[in-house]
Amino acid sequence: MINHITAMDLFKYILISIPLISSMTCGIIFMVVFHKSLSVTENKIRQTLGSYFILMTLLWLMMNISVEHYEGKFLLIPFFFLLIHLTQVVFYHFICYIIPTKDKFNSFHYKIAIAIFIMSSILVYLLFTFEGHQALNLHDFFYQYLYIYTSLNMVYYTGLCWIRLYKQNREKNKPEFGKNQLNWIFILLVLRTLFSVLFIFNNQRILLVDISIVVLIATQHIIVIFNMLQQNIMDRIRAEYKTNIMLPSGQIVSVDNKGLVEHVATTTAYLQQDAEPNSLLTQHDIVTYFSTEKPYLNKDFKLEDLVKHFGVNRTYISKFINVTFHTNVSQYINYWRIKEVEELLKINEDTLLEDFVQQVGFSNLRHYLRAKQNVGQKNKTN
């Protein structure tokens, strides 16, 4: 006798297939295109995001098997717990790379996933060896708890992602000039939050909500891959993990958080044999000098004052600031002055802007407005 597939059954398979196809497609595109690993950090990002798509593919394959073969689905319960937890952990691990903060990713999250897998496996084994287990409604028992566990898991890790984004926005010591926030991360987290809410309140399996959930999953994958394959995004990520250092020879190198050294291209015009710095100059040295001593408050502060303070050749330090902060010395000084004005306005909201402009080193309000406009234009191009 031939079993006829109803339209609803067919639609159910389509709903399961879309996330599976999006995971496989986006994962393959990412691994194939993003193959030139230039640093340790990029390798870690590739491995983490690749693992996420593999886990998502396995999870949706298991769901397909679970729908089709009801008899053995209970043996898959521990693996469901493991994969659900791992997908959330690995995605959060990926976000930790994209949104660097002082708080590093804690590998304990992976240990929790293993512990939950072991405990759920023991529980399944005990229930199936316990006399009279046939009388239990294992389907309702396990899948109800699996639903609750999935909901809590998504809420927890989505919350961690939001907290991380908030912490990054709160951290003020961002040395890169004209650095924009990765706006696509905000959109991604909004979609992920919406996905979590729909999943939690879709216990009655409403068709329209099911469709929305599936579309949200595929959209998240597309957003991640599209942006990760943009070179400017990778440049910003690399900048978060690297510190530029100028050697006594005038050569500029970047050292990442794993100690890997990468040479920064410097034109031969800047490598003059008759002018050598006296010592190493790091990105941190310049940022610390500007943030603690605030030399820019002096309206006459200029490149020559930097040369005198650090004892470094004029041409070298000019090039170092240009390569490291993607701006010239004058614009970099004005960047700190604009930042100082913004801080003063936060503290003294009732004070007029004109009162602070000259206080921070600008000659007049017009000079300030022009400098701020230049910074805004540079933000757009970066």
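In this chain, numbering begins with 1 at the start of the sequence shown. Nothing here was measured: the structure is a model prediction, and the numbers come from that model.
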Exercise for the section: Consider only side-chain heavy atoms of I, L, V, M, F, W and Y, link residues closer than 4.5 Å, and tell whether F79 and I148 are in one cluster. Expected result: yes

Practice task
For ring-ring contact (aromatic ring centres under 6.0 Å, His included), just list the numbers for F310 and Y289, CA-CA rounded to whole Å, side-chain angles, deciding distance to a tenth of an Å, and then say yes or no.
Solution key: CA-CA 10 Å; F310 289 106; Y289 176 54; 5.4 Å; yes

Practice task
Tell me, with the steps shown, if Y332 and F290 meet side chain to side chain contact (heavy atoms under 4.5 Å, CB included).
Solution key: CA-CA 10 Å; Y332 187 68; F290 273 83; 3.8 Å; yes

Problem - E342: salt bridge (Lys or Arg N to Asp or Glu O under 4.0 Å) partners, not counting sequence neighbours - result: none

Exercise for the section: Determine whether V307 and N313 make a side-chain contact, defined as any pair of heavy atoms from C-beta on separated by less than 4.5 Å. Expected result: no

Fill in the blank from the handout: When rounded to the nearest 0.5 Å, the distance separating CD1 of I338 from CD1 of I333 is 12.0 Å

Practice task
Mind checking the SG-CE spacing from C26 to M56? Nearest 0.5 Å is all I need.
Solution key: 10.5 Å

Completion exercise
The side-chain contact (heavy atoms from CB on, under 4.5 Å) partners of S291 (sequence neighbours excluded) come to W336

Handout entry: Atom NE2 of H309: over 12 foreign heavy atoms under 6.0 Å
Key = yes

Practice task
Would you mind reporting whether D305 and D300 have side-chain heavy atoms less than 4.5 Å apart?
Solution key: no

Fill in the blank from the handout: On a heavy-atom basis, the closest approach of F53 and S23 is CD2-O, 3.5 Å

Problem - E304 side chain reached by K308 side chain, heavy atoms, under 4.5 Å - result: no

Handout entry: Side chain proximity check, I286 to I321, heavy atoms < 4.5 angstrom
Key = yes

Practice task
Spell out, as yes or no, whether a donor-acceptor pair under 3.5 Å connects the side chain of T25 to the backbone of I21.
Solution key: yes

Problem - Test ring-ring contact (aromatic ring centres under 6.0 Å, His included) applied to H367 - qualifying residues, sequence neighbours left out - result: F362

Practice task
Check whether I163 and I112 end up in the same hydrophobic cluster, where Ile, Leu, Val, Met, Phe, Trp and Tyr are linked by side-chain heavy atoms less than 4.5 Å apart.
Solution key: no

Completion exercise
All heavy atoms of V190 vs all of W162, minimum pair found to be N-CZ2, 3.6 Å

Problem - Value rounded to 0.5 Å, distance of SG in C96 from CG in N106 - result: 9.5 Å

Exercise for the section: With rounding to the nearest 0.5 Å, note down the distance linking CE in M31 to CD1 in I225. Expected result: 10.0 Å

Problem - Minimum-distance pair of heavy atoms, taken over all atoms of L303 and S318 - result: CD2-CB, 4.3 Å

Handout entry: By side-chain contact (heavy atoms from CB on, under 4.5 Å) - contacts of V155 (at least two apart)
Key = I200

Handout entry: side chain to side chain donor-acceptor pair (under 3.5 Å) involving T282 - partner list, sequence neighbours excluded
Key = D285

Handout entry: Residue pair F226, H221: steps toward the side chain to side chain contact (heavy atoms under 4.5 Å, CB included) verdict
Key = CA-CA 8 Å; F226 175 81; H221 293 168; over 6 Å; no

Practice task
Taking the side chain as every heavy atom from C-beta outward, state whether N322 and T327 have any atom pair closer than 4.5 Å.
Solution key: no

Completion exercise
All heavy atoms of N298 vs all of R337, minimum pair found to be O-NH2, 3.0 Å

Problem - Contact summary for T219 and V215, nearest pair of heavy atoms - result: OG1-O, 2.7 Å

Quick one: side chains of residues 81-94, donor-acceptor pairs under 3.5 Å with protein atoms, not counting sequence neighbours, listed by atom name and distance.
from: H85; atom 1: ND1; to: Y149; atom 2: OH; distance (Å): 2.5
from: H85; atom 1: ND1; to: N153; atom 2: ND2; distance (Å): 3.1
from: H85; atom 1: NE2; to: Y157; atom 2: OH; distance (Å): 3.3
from: T87; atom 1: OG1; to: L83; atom 2: O; distance (Å): 3.1
from: T87; atom 1: OG1; to: I84; atom 2: O; distance (Å): 2.8
from: Q88; atom 1: OE1; to: R192; atom 2: NH2; distance (Å): 3.4
from: H93; atom 1: ND1; to: Y110; atom 2: OH; distance (Å): 2.9

Handout entry: Cluster link I222 to I98, ILVMFWY, side chain under 4.5 Å
Key = no

Practice task
Could you grab the distance from atom CZ of R370 to atom CG of N334, nearest 0.5 Å is fine?
Solution key: 10.0 Å

Practice task
Apply side-chain contact (heavy atoms from CB on, under 4.5 Å) to K294 and list each qualifying residue two or more places apart in sequence or on a separate chain.
Solution key: Y296, L297, E340

Practice task
Just jot down the side chain to side chain donor-acceptor pair (under 3.5 Å) partners of Q358, sequence neighbours excluded, or say none.
Solution key: none

Handout entry: Non-hydrogen side-chain atoms of E343 and V360 separated by less than 4.5 Å
Key = no

Exercise for the section: Answer whether the closest heavy-atom distance between the side chains of K44 and F105 falls below 4.5 Å. Expected result: no

Problem - Contacts of K302 that satisfy salt bridge (Lys or Arg N to Asp or Glu O under 4.0 Å) - sequence neighbours left out - result: none

Practice task
Considering only NZ, NE, NH1 and NH2 on the basic side and carboxylate oxygens on the acidic side, decide whether D103 and R164 come within less than 4.0 Å.
Solution key: no

Problem - Validation row: I317, V329 side chains within 4.5 angstrom (heavy atoms) - result: no

Practice task
Write down the atom of W60, the atom of P19, and the distance for their closest heavy-atom approach.
Solution key: CE2-CB, 3.3 Å

Practice task
Kindly determine whether V323 and K319 satisfy side chain to side chain contact (heavy atoms under 4.5 Å, CB included), including the steps that lead there.
Solution key: CA-CA 6 Å; V323 170; K319 181 62 178 179; 3.4 Å; yes

Completion exercise
Between the CZ atom in F195 and the CD1 atom in I217, the distance rounded to the nearest 0.5 Å is 4.0 Å

Exercise for the section: Compute the ring centroids of F199 and Y147, then answer whether they are less than 6.0 Å apart. Expected result: yes

Practice task
Show your working on side chain to side chain contact (heavy atoms under 4.5 Å, CB included) between I185 and I99 and close with a plain yes or no.
Solution key: CA-CA 9 Å; I185 291 292; I99 310 177; 3.5 Å; yes

Handout entry: side-chain contact (heavy atoms from CB on, under 4.5 Å) partners for A218, two or more places apart
Key = I18, S22

Just list the side-chain donor-acceptor pairs under 3.5 Å for residues 120-128, sequence neighbours left out, or say none.
from: S120; atom 1: OG; to: I116; atom 2: O; distance (Å): 3.0
from: S120; atom 1: OG; to: F117; atom 2: O; distance (Å): 2.9
from: S121; atom 1: OG; to: F117; atom 2: O; distance (Å): 2.8

Problem - With T57 via side chain to side chain donor-acceptor pair (under 3.5 Å) - residues at least two apart - result: none

